[in-house]
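Okay, structure first, notes after.
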Amino acid sequence: MIEVRNLIKTFEGRGQVVRAVDDVSTQVAKGEVVVIIGPSGSGKSTFLRCLNGLEEFNDGQVIIDGIDLTGSKTNLNAVRREVGMVFQHFNLFPHKTVLENVTLAQRVVRKRGPTEANEKAMNLLTKVGIAEKANEYPSRLSGGQQQRVAIARALAMDPKVMLFDEPTSALDPEMVGEVLDVMKQLAREGMTMAVVTHEMGFAREVADRVMFMDAGRILEDAPPARFFTAPKEPRAQAFLKQVL
Amino acid sequence: MPLKRRTAQRPWQGLLAVILLGLAASLWYATQRIHYEWRWERVPQYFAYRAEVAQDAPVPGQVSALTAEGRFNRIVITPEGGGQPVAVMAEKAQVKVGDAVAENDTVGVNFEWRVGPLAQGLWVTIWISFVSGFIGLAIGLITGLCRISKNPTLRGLAIIYIELIRGTPLLVQIFIFYFFIGTVLNLDRIVAGVGALALFVGAYTAEIIRAGIQSIAKGQTEAARSLGMNATQTMIHIVLPQAFKRVLPPLAGQFISLIKDSSLVSVIAITDLTKSGREIITSSFATFEIWFTVALLYLLVTAVLSQLLFWLERRFARSD
């Protein structure tokens, strides 16, 4: 479903060139849940943002469901429809109600009629347990509720892949659970997911594979059982010692 | 003084009243010293007045009867040398029975309410401001978008336009627009005036809109793009509505300025409120009264606009 070949992304600043993603190659199969962990600044978010072209990368290839993002004839907008993304800071549209947040892209991108879009939105809002807030503005919602709306908004486009960029990092601890529950349910339903997170519990329970990134490289890529009990890389061992 | 204390309101409000009264008194005293005679009663006729419309005799002859019918008088004229008598209706008759009248002699007058020059000038000011404000907003939106465009040509043009307009006085721009561009393109003075004002307000609006767009968090654009919206859709549905809401207060200030700046078009002989005032003064000599009235009318229009925009602002604040 996702194929990455020799992906390189550099940032330039103050005369220094930082290789945020340094020659990364990997694959994610359909229905697979991949959790990417690593210290801050290791390039995991940048890597994730390259997967839907939100970040322009310098070299390499990203292929989503057979379509090469760098292809000269590729319509990036068309690819992004198939790739949902959930952000650390939710990024709900504050001038639209919860319902409008979920219906807007359906209507302008998928060209669905209002009845169909509303129905789809209400189904999804019910699924993430927030249907009763449909006509509220996002500012009236708690962080956990906003993030669940953001997930519903991404799902409304019927994506083939979902990317989560630290979805629980900006939440109060008591709200982390409600968002993770929604994500676990998605994983059980067979959604292909790439998740950048610091929630080790989630990684252990839900992930099919855990990738450990440091300095822009994937140092370790293993099933959670093996990764959490017997990591091979010294960097991964040190990291786990800190966070567990 | 860490504890919050309530400032006593009454004494300060009293002081405010005293200061205002003092200002009014000094104004009165100043006009006394120059022996100015206030004639406020002359002002209302410049808003609306009853015009006399002359009613003429259609045929030469003699007034044979004069009867009152409601508020009209029926003046019956028997033509010279016989024939059917002709009736003329007039609110005020100016002939008596037995008077001889020639053809087209005025036999009476009717009264009609007419719009005075101050009201006309006020109307011209309002519609000129409104039209140029509307065009200016469109110019500002387009220029603002060009200003943040990645295309160097569009960006360069926008920057040059903004700098040219902001760096020169509006009065000079109006003269150039009227005497140069207006002559070359053979423009009407109204078109030239509205054009100059629209270009002027457009440059300022462009900077306001640019600032508004840039103040919207990047995450908003990213969220919209990640849902598959293209750049235009993102701008229309996500960025501009939020930016517009945010720049409403500075935009309001800009449009209030525009109403006041529109007084400058009186220099190219557009009869707006200011020019009407000047014309009235030459005939009435009520200099102070007219200028105070003109000022008051501007204040009235700007106050209404500012209330309107304030209301709009509160409406938009629903989602906060």
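These numbers were taken from a predicted model, which means no experiment stands behind them. Each chain gets a letter, A, B and so on, in the order the sequences are listed, and its residues count up from 1.
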If you measure from NZ on K218(B) to CG on L54(A), what distance do you get to the nearest 0.5 Å?
-> 8.0 Å

Taking the side chain as every heavy atom from C-beta outward, state whether Q220(B) and P94(A) have any atom pair closer than 4.5 Å.
-> yes

Working for side chain to side chain contact (heavy atoms under 4.5 Å, CB included), residues M229(B) and N77(A) | CA-CA 6 Å; M229(B) 292 192 197; N77(A) 295 319; over 6 Å; no

Compare every heavy atom of R153(A) with every heavy atom of A223(B), then report the nearest pair and how far apart it is.
-> CB-NH2, 3.4 Å

For chain A, find which of G228(B), G219(B), A217(B) contributes the most heavy-atom pairs closer than 4.5 angstrom.
-> G228(B)

Of all heavy-atom pairs linking N52(A) and S226(B), the shortest is ND2-CB, 3.7 Å

Engaged part of V108(A) at the chain B interface, taking heavy atoms whose separation is under 4.5 Å | both

Step through the shown structure and confirm whether more than 12 heavy atoms of other residues, nucleotides or ligands are within 6.0 Å of CZ on R155(B).
-> yes

How about L104(A) and L227(B): do any of their side-chain heavy atoms sit closer than 4.5 Å?
-> no

Step through the shown structure and confirm whether more than 12 heavy atoms of other residues, nucleotides or ligands are within 6.0 Å of CD on E56(A).
-> no

Let me know if R49(A) has heavy atoms under 4.5 Å from chain B in its side chain, its backbone, both or neither.
-> side chain

Flag, side chain of H95(A) to backbone of V239(B), donor-acceptor distance under 3.5 Å = no

Do other residues, nucleotides or ligands put more than 12 heavy atoms under 6.0 Å from the OH atom of Y161(B)?
-> yes

Please say whether more than 12 non-hydrogen atoms of neighbouring residues, nucleotides or ligands are located less than 6.0 Å from NZ in K30(A).
-> no

The interface call for A224(B) against chain A, heavy-atom contacts under 4.5 Å, is both

Atom group of Q233(B) that falls short of 4.5 Å from chain A, counting heavy atoms = side chain

d(N230(B) CG, N75(A) CG) to nearest 0.5 Å is 8.5 Å

By a 4.5 Å heavy-atom criterion (distance strictly below it), what part of L92(A) contacts chain B: side chain, backbone, both, or neither?
-> backbone

Does atom CD of Q16(A) have more than 12 heavy-atom neighbours, drawn from other residues, nucleotides or ligands, at distances under 6.0 Å?
-> no

Relative to chain B, which segment of H89(A) carries a heavy atom at a distance below 4.5 Å: side chain, backbone, both, or neither?
-> neither

If you draw a 6.0 Å radius around CD in E313(B), do more than 12 non-hydrogen atoms from other residues or ligands fall strictly inside?
-> yes

What part of F87(A) is in contact with chain B, defined as an atom under 4.5 angstrom from a non-hydrogen atom: side chain, backbone, both or neither?
-> side chain

